[in-house]
Amino acid sequence: MPGTLIEKFQAAFADAGAPKCFRAPGRVNLIGEHTDYNGLPVLPMTLTQEIRIAVAPRADGRVLLKNVDPAFPALEFLNDGALAPSPPGSWDNYARAAVAGINQVLAPERRPGFCLLAEANLPSGAGLSSSSALVVACALAYMDALGLALEQDLSRLKLAGILAEAEQFVGTRGGGMDQAVILAGAVGRACKIDFFPLRVESVLLPDDCAVVVCDSTVKAEKSGAARALYNMNPRLCHLGCALVRAQLSEEFGEDVDIERLGDLWYGPLCLTTREADALFTRAVPEGFVPLTEIAKRLRQKPERVTARWLKEVPVLNGGYNILARLRHQTGEYRRVETARDAMMAEDSATLGRLMNESHASCRDHLDISTPELDRLTEIALESGALGARLTGAGFGGATVNLVPADRVERFVETVGRRYYGEYLGRDGDAPIFIAQTSPGAGPVQV
Ligand code: NG1
């Protein structure tokens with residue numbers, strides 16, 4: 001479809017009114033993986049790759065969705081009553097999530113619909129947050145239909161909080177990193193994000209290094225097959241939190257109210273990381289723990305533990321390795337805080353080292369790496385990167401690399417040849433780009 005987004009919209013929705021356009025950027029996470037849903041910090045940045053939408057409101061409550069990319073079929077739903085999710089993998093779920101989330105929190109008197117045409121230059125399934133960018137874009141479309149303006153009527157952080165909750169509608173048990181950076185990101189800066197309550201601190205990006213993104217080319221579509229894999233870590237962390245709570249309650253002789261692992265640091269206990277590590281070792285046995293042992297510690301029936309916490313999490317080696325997940329949390333929390341300080345001190349060598357440690361922990365404690373991601377990070381380090389790690393949910397997708405400015409050309413050439421050429425046996429352009437930041441989501445003139 002040639003032409004501007006507005007022209008494409010007019011061709012796709014001949015009877016709709018004049019559209020407005022909005023954009024929502026993708027993001028790459030520098031460090032802080034699988035910590036957000038535990039209330040522990042992250043350090044992502046926006047990208048210039050983005051989703052753009054043209055939208056016009058409809059009074060009849062119908063939401064009509066079209067996409068310039070033929071891989072996404074035209075879909076529609078009615079914005080009435082409680083919205084139910086479509087089957088996993090159906091892209092209307094992201095619009096349903098945004099509309100349902102706003103309805104739930106703002107309880108608007110009218111429930112308008114909208115016509116929406118989307119186009120993106122952001123790859124999906126690459127760990128660059130195309131799903132949350134779409135949710136945010138759809139939320140801006142619905143706010144426009146409701147006559148609400150971002151910032152004047154609803155702050156960026158309030159909307160980010162609503163949408164983080166709303167995206168769980170899609171079936172993933174994620175945290176709030178993506179929606180927050182997509183809405184509150186800024187040019188030239190990464191965002192150190194803290195949760196409960198949501199806070200964003202701008203951190204200047206290093207000027208002696210480039211942030212280079214390399215796509216492993218292994219797709220990790222969280223809305224599809226990777227969903228159960230992704231959910232495994234949040235579920236094991238929540239179960240770990242319940243075991244920690246049981247341990248604390250026994251030690252204190254009364255119930256200690258710990259809702260999420262982050263509460264150990266920020267809540268009434270204010271533990272140090274060393275104290276948290278020692279507590280984890282008391283609360284959870286080393287290695288793969290059988291369900292019967294977990295149930296005994298929680299004083300619950302095994303079926304109840306499965307129904308409440310584990311759901312579809314597969315049994316490995318006769319049990320669940322919960323302590324490894326908890327150890328990732330203490331290490332990654334410390335790494336994010338140290339990475340933020342290193343960026344403030346313009347110390348790229350330390351930032352790179354922390355990124356490497358983060359990758360190792362994602363691989364060894366969370367089991368979210370793949371042979372391709374491991375090989376790609378190894379080659380990246382041999383090609384001049386100071387730091388290389390998987391970024392986003394894992395199970396495929398991209399790596400993020402910190403590369404000294406004067407080594408970028410050699411890095412791109414060497415990784416292109418050794419990973420994409422020799423390791424994958426691929427011809428053609430390597431899917432590598434230098435990450436550039438862009439402003440947070442909002443209206444755009446096209
Ligand atoms: P991506 O990489 O966009 O799938 C997911 C979660 C984040 C965070 C990361 C891992 C959603 C929408 N996103 O991101 O909240 O947990 O994984 O750090 O669930």
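For reference, positions follow the sequence shown, starting with 1. Just follow the structure's listing: the first ligand is 1, and inside any ligand the first atom is 1. Because the structure is predicted, anything quoted here is derived from the model rather than measured.
- Electrostatic pairing of Arg27 and Asp178 counts as a salt bridge here, judged by a charged N lying under 4.0 Å from a carboxylate O.
- Backbone and side-chain nitrogen or oxygen atoms of Glu167 are examined, and none is located within less than 3.5 angstrom of a nitrogen or oxygen of ligand 1.
- Separation of atoms OG (Ser358) and CG (Leu390) is listed at 7.0 Å; rounding is to 0.5 Å.
- Here the shortest heavy-atom distance to atom 2 (O) of ligand 1, taken over Ala126, Cys362, Ala393, Ser132, belongs to Ala393.
- Ring geometry for His34 versus Tyr37: interplanar angle over 60°, hence perpendicular rather than tilted (30 to 60°).
- The existence of a salt bridge linking Glu372 and Arg375 is excluded, since no basic side-chain nitrogen approaches an acidic carboxylate oxygen closer than 4.0 Å.
- Ligand 1 lies out of reach of Ser131, whose nearest heavy atom is not under 4.0 Å from it.
- Using bins of under 30°, 30° to 60° and over 60° for the plane-to-plane angle, the ring pair Tyr333/Trp265 lands in the perpendicular bin.
- Considering backbone and side-chain atoms together, Tyr37 places no N or O closer than 3.5 Å to any N or O of ligand 1.
- With ligand atoms numbered from 1 in the order given, ligand 1 contributes 2 (O), 10 (C) to contacts under 4.0 Å with heavy atoms of Gly392.
- Taking only nitrogen or oxygen atoms, main chain and side chain alike, Gly175 reaches within less than 3.5 Å of ligand 1.
- In terms of polar-atom proximity, defined here as any N/O pair under 3.5 Å, Thr35 makes no such contact with ligand 1.
- Residue-ligand proximity, Met177 to ligand 1, at heavy-atom distances under 4.0 Å covers atoms 8 (C), 9 (C), 18 (O).
- Judged by distance alone, the side chain of Asp92 and the main-chain N or O of Leu75 form no donor-acceptor pair under 3.5 Å.
- Taking only nitrogen or oxygen atoms, main chain and side chain alike, Gly176 does not reach within less than 3.5 Å of ligand 1.
- Close N/O approach between Asp36 and ligand 1 is found [any backbone or side-chain N/O within under 3.5 Å].
- Residue-to-ligand polar distances place Glu33 within reach of ligand 1: an N/O pair is separated by less than 3.5 Å.
- In summary, Arg199 and Glu201 do not engage in a salt bridge, as defined by a charged side-chain N under 4.0 Å from a carboxylate O.
- Here Arg325 pairs with Asp367 in a salt bridge; the nearest charged N to carboxylate O distance falls below 4.0 Å.
- Remark: ligand 1 atoms within the under-4.0 Å shell around heavy atoms of Gly174 are 19 (O).
- Proximity of Glu332 to ligand 1, defined as any heavy-atom pair under 4.0 Å, is not found for any part of the residue.
- Arg327 places no side-chain N or O within 3.5 Å of a backbone atom of Phe280 that could act as its donor or acceptor partner.
- In terms of N/O distances under 3.5 Å, ligand 1 is approached by Arg27.
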